[in-house]
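One structure is given below, encoded as C-alpha cells.
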Amino acid sequence: MPELPEVQAVVHGLVEDGIECARIRSVTVRRASSVNPQLAEEFSAACKGRTIVSAERRAKNIMLHLSRDRVLRVHLRMTGDLRIGTGEENPPFVRVEWQLSAGHVLRFVDSRNLGHLQVRSEADMAKTLGHLGIEPLSRAFTAARLADLAHNSRLPAKLFLMDQTKVVGLGNIYAAEVLFRAGVAPTRAMNALEADEIARLHHAIRQVLRGAVQSVYKAYRTPAGYRNHRDDFSRMVYGRAGEPCQACGSSIDRIRQAGRSTYFCSSCQR
DNA sequence: AGTCACCTGATT
DNA sequence: AATCAGGTGACT
C-alpha cells in the first residue's frame with residue numbers, strides 16, 4: 001500500500017523517535033511467515049544484542065543498519081507499518097516485536113500478512129536489492145536518464161512507472177497522478193514518447209513525489225500514521241472515476257492495466 | 001506481456 | 001456474497 005512518500009515518512013518517524021542508537025534487547029516473532037524463508041529463531045538471534053545504527057529508505061524498503069554487519073530489511077507491501085511505542089499500546093495485527101533499550105518497543109504490524117522482513121549481511125543485502133532501478137529523487141535521475149530507460153521499454157507508461165527495476169518508489173496512486181500532471185495517457189508505449197513528453201514526465205515524477213513527502217510528513221503523527229494523508233494530499237485522478245476532471249471538466253476514466261485500476265482523463269492525457 | 005498467488009479487512 | 005485494496009515475484 002505505501003509508496004515512496006509513505007515509506008519515507010515511516011523512516012522519518014522512526015528516526016524522530018530515536019531508533020538510531022537503540023539496542024535490540026530481544027525479539028518476538030509472532031508470525032513466522034513474516035520472516036520466511038528465514039526461521040523465526042535465526043531471525044531473532046540475528047537481531048538480538050545488536051544496535052540499530054541507522055535507518056534509511058531504499059525504493060519502498062526500510063533498511064535498518066545494525067551493528068556488526070547486519071541489515072534488517074522491512075517491506076511493508078500493502079498494509080504493513082513499523083512504529084515505535086512505549087510498550088503500553090496493544091495494537092492489532094502485530095507480527096514482529098523488538099524490545100529496545102530505554103523501554104521502547106518497535107512493532108511491525110501487517111493485517112494482510114503480505115509484508116516481509118529479513119536480516120542479511122551488508123554484502124548479501126546489496127545483492128538482494130541489486131535489481132532495483134534508480135531513485136527518482138536522487139541527482140542521478142535526470143530527464144536524459146529517463147529517456148534512456150524509456151528508449152528500451154515498450155511497456156505502457158503506467159506499468160513502466162510502476163516497474164521497480166526502472167524507476168523505484170512509484171505505485172498505483174502516484175503513477176496515475178504523475179501521468180495526469182505530465183499529460184501522458186497511461187496506455188502509451190514508453191518508447192513511443194516524444195522528448196518533451198519524457199521531460200514532462202521527469203518533472204512530474206519529482207514534483208509529485210516531493211509534494212507527497214511533505215504532505216505525509218505532516219499527517220504522520222496521527223493514529224492512522226502514513227495512511228492519513230489521503231485526506232490531505234490532493235489527488236487529481238486516483239479514485240475519481242466518473243468525477244469531472246479538475247482541469248477540463250470531462251469525466252475521469254477508469255481502465256484496468258495488469259489487473260489493477262488506472263484512473264486518467266482521456267482529454268487531458270494523450 | 002498478461003495473470004495469479006500471496007492474505008485479510010473494508011466496502012458495496 | 002462479491003469485489004476491491006497504495007505491492008511484488010512467479011508463472012503461463
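Order of the sequence lines fixes the chain letters, A, B, ..., with proteins taken first and strands second; residue numbering starts at 1 for each chain.
Rounded to an integer number of Å, the gap from CZ of A:Phe160 to P of B:dA1 is 12 Å. In this structure, A:Met162 places its CE atom 8 Å from C1' of C:dG7, rounding to the nearest Å. Distance CG (A:Leu76) to C1' (C:dA5): 15 Å, rounded to an integer number of Å. What separates CD of A:Gln257 from P of B:dT3 is a distance of 11 Å, to the nearest Å. Counting to the nearest Å, the C1' atom of C:dA5 and the CD1 atom of A:Ile173 are 10 Å from each other. In this entry the distance linking CG of A:Leu114 with P of B:dC4 reads 17 Å, nearest Å. Taking atom CZ of residue A:Arg260 and atom P of nucleotide C:dT8, one finds them 8 Å apart after rounding to whole Å. Between the C1' atom of B:dT8 and the CG atom of A:Asp81 lies a distance of 17 Å, rounded to the nearest Å.
The P atoms of C:dT3 and B:dC4 are separated by 14 Å, rounded to the nearest whole Å. A distance of about 23 Å separates the P atoms of B:dC7 and C:dA1, rounded to the whole Å. For the C1' atoms, the distance linking C:dT8 with B:dA10 amounts to 22 Å, nearest Å.
The side chain of A:Leu155 sits closest to B:dA1 out of C:dA5, B:dG9, B:dA1. When each of B:dC6, C:dC4, B:dG9 is scored by its nearest atom to the side-chain atoms of A:Arg254, the top-ranked nucleotide is C:dC4. Listed candidates were B:dG2, B:dC7, C:dG9. Nearest to the side chain of A:His131 is C:dG9. Here B:dA1 is the nucleotide among B:dA1, B:dT8, B:dT3 with the atom lying nearest to any side-chain atom of A:Arg154.
A close approach under 4.0 Å does occur between a side-chain nitrogen or oxygen of A:Gln164 and OP1 or OP2 of C:dT8. Regarding contacts with the backbone of C:dA5, a side-chain N or O of A:Ser261 is found under 4.0 angstrom from either OP1 or OP2. Considering only side-chain N and O atoms, A:Arg112 lies nowhere under 4.0 angstrom from the phosphate OP1 or OP2 of C:dA5. Side-chain N/O atoms of A:His75 include one lying less than 4.0 angstrom from OP1 or OP2 on C:dT8.
Environment of CZ in A:Arg188: crowded, with over 12 heavy atoms of neighbouring residues, nucleotides or ligands closer than 6.0 Å.
Among the heavy atoms of the strands lying under 4.0 Å from A:Gly171 are primed sugar atoms or P, OP1, OP2 only; no base atom is included. Among the heavy atoms of the strands lying under 4.0 Å from A:Tyr263 are primed sugar atoms or P, OP1, OP2 only; no base atom is included. Looking at heavy-atom distances under 4.0 Å, A:Ser33 makes no contact with the nucleic acid at all.
Aromatic rings from A:Tyr217 and A:His12 are positioned such that their centres are separated by under 6.0 Å.
The OG1 atom of A:Thr262 sits 7.5 Å away from the CE atom of A:Met162 when rounded to the nearest 0.5 Å. Annotation: the span from A:Asn36 atom CG to A:His116 atom NE2 amounts to 7.0 Å, rounded to 0.5 Å.
Under the Watson-Crick and G-U wobble criteria, each requiring two contacts below 3.5 Å, nucleotide B:dT3 is paired to C:dA10.
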Is there a side chain to side chain contact (heavy atoms under 4.5 Å, CB included) between A:Ile255 and A:Tyr263 once you walk through the steps? CA-CA 7 Å; A:Ile255 59 171; A:Tyr263 302 87; over 6 Å; no
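The main-chain N or O of A:Arg260 is never found under 3.5 Å from a side-chain atom of A:Asn172 such that the two would form a donor-acceptor pair.
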